[in-house]
Amino acid sequence: MAGDSDPESEVFEITDFTTASEWERFVSRTEEVLNDWKLIGNSSGKPSPEKGEYTSGTWEERSQDINFADFRFSITHHFLQQEYVEDEGKYKTEEDAFPLAMEDLLCMNNDFPPRAHCLVRWYGFREFLVISPGANCEAIISESKCNLLLSSISISLANSGCQVPMFVQIQQRWRRMFAGECQGPGVRTDFEMVHLRKVPSQYNHLSGLLDIFKSKMGCTLSPLPPINIAIRFTYVLQDWQQYSWPQQPPDFDTIFGGEVGGVEFGKLPFGACEEPISELHLATTWPHLTEGIVVDNDVYSDLDPLQAPHWSVRVRAVENPQCLLGDFLMEFFKLCCTKESTEDILGRGLTDEEGKDTGDISSALSKLTEPAAAAPISKLSVSNMVHNARKHIRRHRHIDESPLNTDVLNSILLYLFPDAAVEKSSENPRNKNLYIQLKSAPSDSLTYRLALCMSLVNFYHGGLRAVAHLWQEFVLELQFHFCSHMLNCCIERKRARDEAQKMKDGGKESTRASTASTSTREVSPGKSWDSWSDSDDEFFECLSDQGEMDGSHTEGEKNGSKTKPDGRLHPSNNMTLLNSTEPLYIPITQEPAPMTEDLLEEQSEVLAKLGTSAEGAHLRARMQSACLLSDMESFKAANPGCVLEDFVRWYSPRDYVEEEVVDEKGNVVVTGELSARMKIPGNMWVEAWETTRAIPARRQRRLFDDTKEAEKVLHYLAVQKPADFTLHLLPCLLHAAILKLKEEESFEDIPSVKKVIQQTLSQASKLLHHPNHDYKTLEEFINQLMTIETVITQARSLKAKFGIGEGDNWNETEELKTFVSTLLEEPEVTVLGAGQGPAGSIIHRLFVNSQRVTEEPTQKNDCRFTTGMSAFPSPAGREFLLRTCVPQPAPYSKALPQRLFCVLMKEEFRLAGAFSSDTSFF
């Protein structure tokens, strides 16, 4: 009793019913999303969609996450982007008008769209909302949860006044099950769905489906309003055995005999190694039927596909078929990602021996030119050196261990270094300068040929090891050709020297003639620098009278302008020397050293690192002064008695300032002086002018020592890793691949592919000009080229199957070409003339031949079809669309749209129903 009198025992729990529950919060949040997306109010008043607009139009979607307690949902708004001009008179909105969704249920312009959301196909909507469980959330399977969600969306639609249909995704995702509702002023449509694994026997035909539709409507009117019926049967053709493979067979006479797609050097392979088209789907459609026109029951069906008024075709391609060109590019690209060196690949012993023998080859020239050589010249020839080096290399390499077959190697070297002139490739003039755009090389150049050979060797003859072997042989061959060229230069120079000596020994008369001849040859004022031979440039030797010439130069400098001019090109307009009346001559100068783009970038970086300080600027000027010194020497030789001001007037006119002054006699005289920067103490130009001598360009030290630079290049190539030189060759290979794609596309004439190739060229130009290649971007680009190749092979396969080019009727051939081209670009293509047109006849023949090859009794699962339909197999899928307007739920209610979409397949039976009812008069 004491406990009962305790005041704390009288406290009881108070439930606050004004607090919103999780369910109410979910409903409220759904309404907020509808308001934010402005989906409130009447949705009618828009024009009906045009025929085919669901396929050709643009579909948009937007999503928002909402929560029911701790369970996350996603609400998505799908809608067709329509452009129309609002006309108040034409599209006047009435307050009690049907919602837009109910109008779409009856619209016949977009039945069976080939590419659309499943709800668009089943119900024909142009706008709808879907609430589905979020990612990684369990499916809504229990009936109570489904009903809770349906009641939630019903309340949200009623409170917000939204007339857009809203669905809830239930069951597992793969089943594509939806339930939903649409509300309007005094009307409501419920969306229900049935999904089974097997087709019930009583509903395996149109008659049974009509019974379901009528019983579900429950209309008591007699007679019933007519039911509009649309039917679509889909037939699948998978067997292509009776058709030839579009890929060219291998050429067994070539070096790659027996290899699929094997080609000769200089050509890239192309084509698919398997059939690129897996299936052809034929859809036969009866768009507008009524119940009494067509018979389809459990014992008989007159739905003959040959009599269908509408045929459409789609093709299903093999996913990522194996294509030769794509495999070539991808395998070569993998070489660019390797990290092994040549020593790691071929072994240290082999590379050491080859390096040693390479040294023997490079010293061949010095051995040949030694005056005290004991051995005969024939034994010290470059060819013997190379031959002995190769024998020495192969003696240390077991013949079975050679990565590259000797015959293949000899064929490649003969292709890369032909003895005679090779005919230029007949390249399209439009592609002539493509290599500049792609930072590649001309299609008949050594680099281009090497890239093709490397890719062929990598794919057919041993992969990475064979590539490394070929590279070493290639560098060795380059050194051989370089030494041969040097030897030729030596021989030419020696002949010239011997002839000069004979003429000198012939007597005084001959000596004078020889001197005159030499003087004429060396001092000819009209002779340009380019006219002097390479041998004079590379192996200039001082003549016997060089000392006398030096002495005459010194004496001439002391005596002013008495030195004989040398190395003149032509006079410079009307200019004369400042200290005499002699005309100012432009000298013959050396060309500046050629530089590649990479060397220019490297030099720019070095010069930029010197900074902006005075010391850095001075050092930068010194580094760039080699050409200036050469030009000063040439100018002095061409203009004896000249001064620095004369040189500046020609070389840098802006640094010579002229002004008009009046002399003592009152005449206007033009005077000039050096600019301020030239007068700065320690100016480099002044110092250089004082130290340079008068030496014509042909007697100067070369600005560009091609021999030394060639040796540097050979050394650089010899130490390259496989990943390095393959990356250098990759632009050439991509260039060749693009040319191959353009060539193959020109045979097929596919407008979409032509456009994509142009876009690919633009992308390649940007990608390959970047000094540091992004491997991921390169791989994506190669995948694009592979996609183009796949489309071309698909077009080739379809043309072979449709016999394009075999018929004599030009109009039919053009129609078939257009048909095949459209098949590759559109998801579904209409067959003109259905089964009676040119394309329809060929498709019919394809199915007939397929049925003969299978040698199975046709239509064995369905005996209702007539004998005339035996050319076609059983339909892979049957779709029935039933529509009508009946008053629901009472006879005096409004006549509202009712719709049932039925899908009958081998392992699927689906019914998607939309049943409307009057909520005002029930």
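The first residue of the sequence shown is numbered 1, and numbering continues consecutively from there.
Judged by distance alone, with hydrogens and angles left aside, the side-chain atoms of S762 form no donor-acceptor pair with the main-chain N or O of Q758 at under 3.5 Å. Using modelled atom types, no side-chain atom of R568 and backbone atom of I586 make a donor-acceptor pair closer than 3.5 Å. In this structure a side-chain-to-backbone donor-acceptor pair under 3.5 Å is missing from N639 to L577. With hydrogens and angles ignored, the 3.5 Å screen pairs no side-chain donor or acceptor of S630 with any backbone N or O of C627. The main-chain N or O of W689 is found under 3.5 Å from a side-chain atom of T692 such that the two form a donor-acceptor pair. A donor-acceptor distance shorter than 3.5 angstrom exists from the side chain of Q590 to the backbone of R701, with no hydrogens or angles considered. Although no hydrogens or angles enter the test, the distance criterion places a donor-acceptor pair under 3.5 Å between the side chain of T760 and the main chain of V756. Although no hydrogens or angles enter the test, the distance criterion places no donor-acceptor pair under 3.5 Å between the side chain of S652 and the main chain of V648. Without hydrogens or angle criteria, S445 side chain to P442 main chain gives a donor-acceptor distance under 3.5 Å. Panel note: side chain W471, backbone L717; a donor-acceptor pair is recorded below 3.5 Å.
Here K679 pairs with E673 in a salt bridge; the nearest charged N to carboxylate O distance falls below 4.0 Å. A salt bridge links D566 with R698: at least one charged nitrogen is closer than 4.0 Å to a carboxylate oxygen. A salt bridge does not link K721 with D724: none of the charged nitrogens is closer than 4.0 Å to a carboxylate oxygen.
Between D774 and L767, every side-chain heavy-atom pair lies at or beyond the 4.5 Å cut-off. Using a 4.5 Å cut-off on side-chain heavy atoms (C-beta onward), D655 and R677 make contact. Counting only heavy atoms from C-beta outward, the side chains of L628 and F647 approach each other to under 4.5 Å. Residues C453 and L416 form a side-chain contact, since some pair of their non-hydrogen atoms from C-beta on lies under 4.5 Å apart. Side-chain contact between F332 and L729 is present, with at least one heavy-atom pair separated by less than 4.5 Å. Side-chain contact check for L578 versus Y656: some heavy-atom pair is nearer than 4.5 Å. Here the side chains of R699 and E633 are not in contact, with every heavy-atom distance at 4.5 Å or above. Counting heavy atoms from C-beta on, the side chains of F333 and T726 never come closer than 4.5 Å.
The OG1 atom of T777 sits 8.5 Å away from the CD atom of Q763 when rounded to the nearest 0.5 Å. Between atom CG of residue L730 and atom CE of residue M454 there is a gap of 13.0 Å, rounded to the nearest 0.5 Å. Note that CH2 of W685 is 10.0 Å distant from CG of L674, once rounded to the nearest 0.5 Å. Separating the CE atom in M678 from the CZ atom in R654 is a distance of 10.5 Å, to the nearest 0.5 Å. Distance CG/L734 to CG/L739: 11.0 Å, rounded to 0.5 Å. Here NZ of K334 is found 10.5 Å from CD1 of I782. Values are rounded to the nearest 0.5 Å.
Proximity of the aromatic rings of Y585 and H570 is defined here by a centroid distance below 6.0 angstrom, and this criterion is not met.
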Review point. Yes or no on side-chain contact (heavy atoms from CB on, under 4.5 Å) for Y775 and C337, after CA distance, side-chain angles and deciding distance?
Key: CA-CA 8 Å; Y775 287 92; C337 305; 3.8 Å; yes
**Study point:** D646 vs W650, side-chain contact (heavy atoms from CB on, under 4.5 Å): CA-CA, chis, key distance, verdict
**Key:** CA-CA 7 Å; D646 293 318; W650 164 65; over 6 Å; no
**Study point:** side-chain contact (heavy atoms from CB on, under 4.5 Å) assessment of E473 paired with H469
**Key:** CA-CA 6 Å; E473 296 286 348; H469 180 198; 3.3 Å; yes
Practice item. Please step through side-chain contact (heavy atoms from CB on, under 4.5 Å) for the pair Y448 and L733, ending with a clear verdict. Key: CA-CA 7 Å; Y448 187 92; L733 189 61; over 6 Å; no
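The two residues A688 and T691 make their nearest non-hydrogen contact at O-OG1, 3.0 Å. Shortest non-hydrogen contact noted between A697 and I588 is CB-O, 3.2 Å. The minimum heavy-atom distance linking V475 with L714 is given by the pair CG1-O, 4.2 Å. Here the closest heavy-atom approach between residue A638 and residue P587 is recorded as CB-CB, 3.8 Å.
Side chains of S634 and Q700: a donor-acceptor N/O pair is present below 3.5 angstrom, by distance only.
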